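Numbers here simply count residues along the sequence, with the first being 1. Hydrogens, waters and symmetry mates are skipped; everything else that's a heavy atom, side chains included, is used. Since the structure is predicted, the reported quantities are computational estimates derived from the model, not experimental observations.
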Amino acid sequence: MTRRIAILGASGYAGREVARLVAGHPELHTEFAMSARPGVTPAEPELPHDPAILPLDLDRLSQVEGVFVCAPHGAAAGLVHAALEAGTKVVDLSADFRLTDPAVYAKTYGLEHPHPELLPEAVYGLTEHARDDVSNARLVANPGCYPTSISLPLVPLLQAGLIDIDGGIVADCKSGTSGAGASPQARTHFGNVHDNFLAYGVGDHRHTPEIHAHCGTSNIIFVPHLLPVFRGILATLYVRPQEGVTCADVLACLDEAYAAEPFVRLYARGLPELDRVARTNFCDIAARSAGDRIVLVAAIDNLVKGAAGQAVQNMNLMLGLAEEAGLR
């Protein structure tokens, strides 16, 4: 049975990726691909297989069963509210519902939350750790790309008590330029990225509160870097194990957590690389000893597992479909 969905913000990187995945999905059909902003007349599609992007028309949302909201923070919350009022399931790819405290949201994003009344019901959709809640949700907050790359390797180890949190955790992460979105800006201009490599947002990146909240500790130093590539995140995490805990123990914990997961792959040998996860919904993870530390390495495609792919994975569960549908 085909389930009809709408994509709001279909012209951005995440929205276009959702459209690409839904186009190959056996049970989802894009009924409407729309702009995320009222009064905008989208350009005609350039390629024959690209969906026509319509002007925003919230009245049409009652005709679909699921909505992907791919709008910037602040603008997304109103669209989410309208979609829920229309009776649809919603996966929000913005940051608007990832933080449960409206005061933390206001401090992080510089504006009051537009719909704080919806925050208590939003399910944080790190699918592998929220499957039951996602299945029963009408609103899922899709995790950010950096938090996904950090949380998947860390959460099982933190829950099992294998990491010495007081010893500090360093999350050294590198992302492609698509993580900054499709809007032009000087920092991601080709001339500033080509043959260059840099750290940014040290100490004040907007994903930091999300990482701390959903990993359950503020003892994580998050340092993002910009790679001269379009897509992908490589996260290198430096952790101190509890006394007596070995790398073999860490690997066994990760294997127990993810052995049956369709989109998490553990490395017995070698280390994850970006080209192995490009255009896939996989998160590849490895763990290695390094002196008194254990180094975790994780790789994802920031536009797929870090955005559109995880969103489709969550929508599949919300609509009662096979979790892997359209993602293989």
Side-chain angles (χ1 to χ4, degrees), residues 97-101 104 119-137 140-173 207-222 233-268 271-272 281-290 292-300 305-306 309-310 313-314 317 323:
F97 295 95
R98 297 173 187 163
L99 300 172
T100 58
D101 187 337
V104 175
L119 290 172
E121 74 163 293
V123 171
Y124 188 72
L126 190 69
T127 323
E128 287 76 12
H129 294 275
R131 187 169 282 114
D132 291 342
D133 289 338
V134 167
S135 297
N136 295 309
V140 165
N142 215 57
C145 51
Y146 278 127
T148 295
S149 71
I150 293 168
S151 298
L152 283 172
L154 270 187
V155 165
L157 307 179
L158 292 168
Q159 290 178 341
L162 299 186
I163 294 175
D164 176 8
I165 298 175
D166 293 335
I169 299 167
V170 175
D172 181 3
C173 303
H207 280 173
T208 301
E210 180 184 344
I211 293 164
H212 290 172
H214 296 288
C215 287
T217 176
S218 60
N219 281 358
I220 300 175
I221 299 172
F222 169 49
I233 288 178
L234 189 75
T236 308
L237 314 176
Y238 304 88
V239 304
R240 190 185 301 277
Q242 294 283 12
E243 186 174 354
V245 172
T246 67
C247 188
D249 297 326
V250 166
L251 287 168
C253 178
L254 292 171
D255 184 64
E256 182 179 355
Y258 294 129
E261 291 294 341
F263 297 117
V264 179
R265 302 186 296 197
L266 300 180
Y267 280 51
L271 296 170
N281 198 50
F282 290 117
C283 176
D284 288 2
I285 302 173
R288 299 292 181 268
S289 294
D292 63 349
R293 299 270 178 165
I294 289 176
V295 178
L296 304 165
V297 180
I300 64 170
K305 187 58 173 171
Q310 190 161 218
Q313 191 178 354
N314 284 322
L317 289 171
E323 184 176 333

Practice problem: Measure from the side-chain N and O atoms of D133 to the backbone N and O of V123, and report whether any donor-acceptor pair falls under 3.5 Å. | Solution: no

Self-check item: Stepwise side-chain contact (heavy atoms from CB on, under 4.5 Å) check, Q310 with T148
Solution: CA-CA 9 Å; Q310 190 161 218; T148 295; 3.1 Å; yes

Practice problem: Return the minimal non-hydrogen interatomic distance between R293 and Y238, and the atom names on each side. | Solution: NH1-O, 4.0 Å

Quiz item: So which heavy atom on V104 is nearest to which on P209, and how close?
Solution: CG1-CB, 4.1 Å

Determine all donor-acceptor pairs shorter than 3.5 Å in which one atom belongs to a side chain in residues 149-166; sequence neighbours excluded.
from	atom 1	to	atom 2	distance (Å)
S149	OG	Y146	O	2.8
S151	OG	P147	O	2.8
D164	OD1	D166	N	3.2
D164	OD1	G167	N	3.4

Exercise. Look up atom CD1 in I211 and atom OG in S218, then write down how far apart they are to the nearest 0.5 Å.
Key: 12.5 Å

Quiz item: If you draw a 6.0 Å radius around CD in E121, do more than 12 non-hydrogen atoms from other residues or ligands fall strictly inside?
Solution: yes

Practice problem: Compare every heavy atom of Y124 with every heavy atom of A130, then report the nearest pair and how far apart it is. | Solution: CB-O, 3.5 Å

Quiz item: With side chains defined as the heavy atoms from C-beta onward, is the minimum distance between F97 and L119 less than 4.5 Å?
Solution: yes

Quiz item: If only atom types and distance count, is the side chain of R98 paired as donor or acceptor with the main-chain N or O of N142 below 3.5 Å?
Solution: yes

Self-check item: Minimal non-hydrogen separation, A290 against V295, with atom names
Solution: CB-CG2, 3.8 Å

Quiz item: Taking E210 for the side chain and G144 for the main chain, is one N or O donor matched with an acceptor at less than 3.5 Å?
Solution: yes

Practice problem: Dump the intermediate steps for side-chain contact (heavy atoms from CB on, under 4.5 Å) on H212 and F222, then the final yes or no. | Solution: CA-CA 10 Å; H212 290 172; F222 169 49; 5.8 Å; no

Exercise. Apply side-chain contact (heavy atoms from CB on, under 4.5 Å) to N136 and list each qualifying residue two or more places apart in sequence or on a separate chain.
Key: none

Self-check item: Minimum heavy-atom distance C215-I220, with the two atoms named
Solution: CB-CD1, 3.8 Å

Exercise. For Q313 and F263, work out which heavy atoms get closest and say how close.
Key: NE2-CD1, 3.5 Å

Quiz item: When you look at C247 and L251, which way does the side-chain contact (heavy atoms from CB on, under 4.5 Å) test go after all the steps?
Solution: CA-CA 6 Å; C247 188; L251 287 168; 4.3 Å; yes

Exercise. Would you sort out whether Y258 and I285 count as a side-chain contact (heavy atoms from CB on, under 4.5 Å), showing the intermediate values?
Key: CA-CA 10 Å; Y258 294 129; I285 302 173; 4.2 Å; yes

Quiz prompt | Residues D132 and S135: side-chain donor-acceptor under 3.5 angstrom | solution = no

Quiz item: Roughly how far, to the nearest 0.5 Å, is the CG atom of N281 from the CD atom of E323?
Solution: 9.0 Å

Quiz prompt | Candidate list V239, L296, D255, test side chain to side chain contact (heavy atoms under 4.5 Å, CB included), partner V250, passing option | solution = L296

Self-check item: Between T127 and N314, a side-chain donor and acceptor under 3.5 Å
Solution: yes

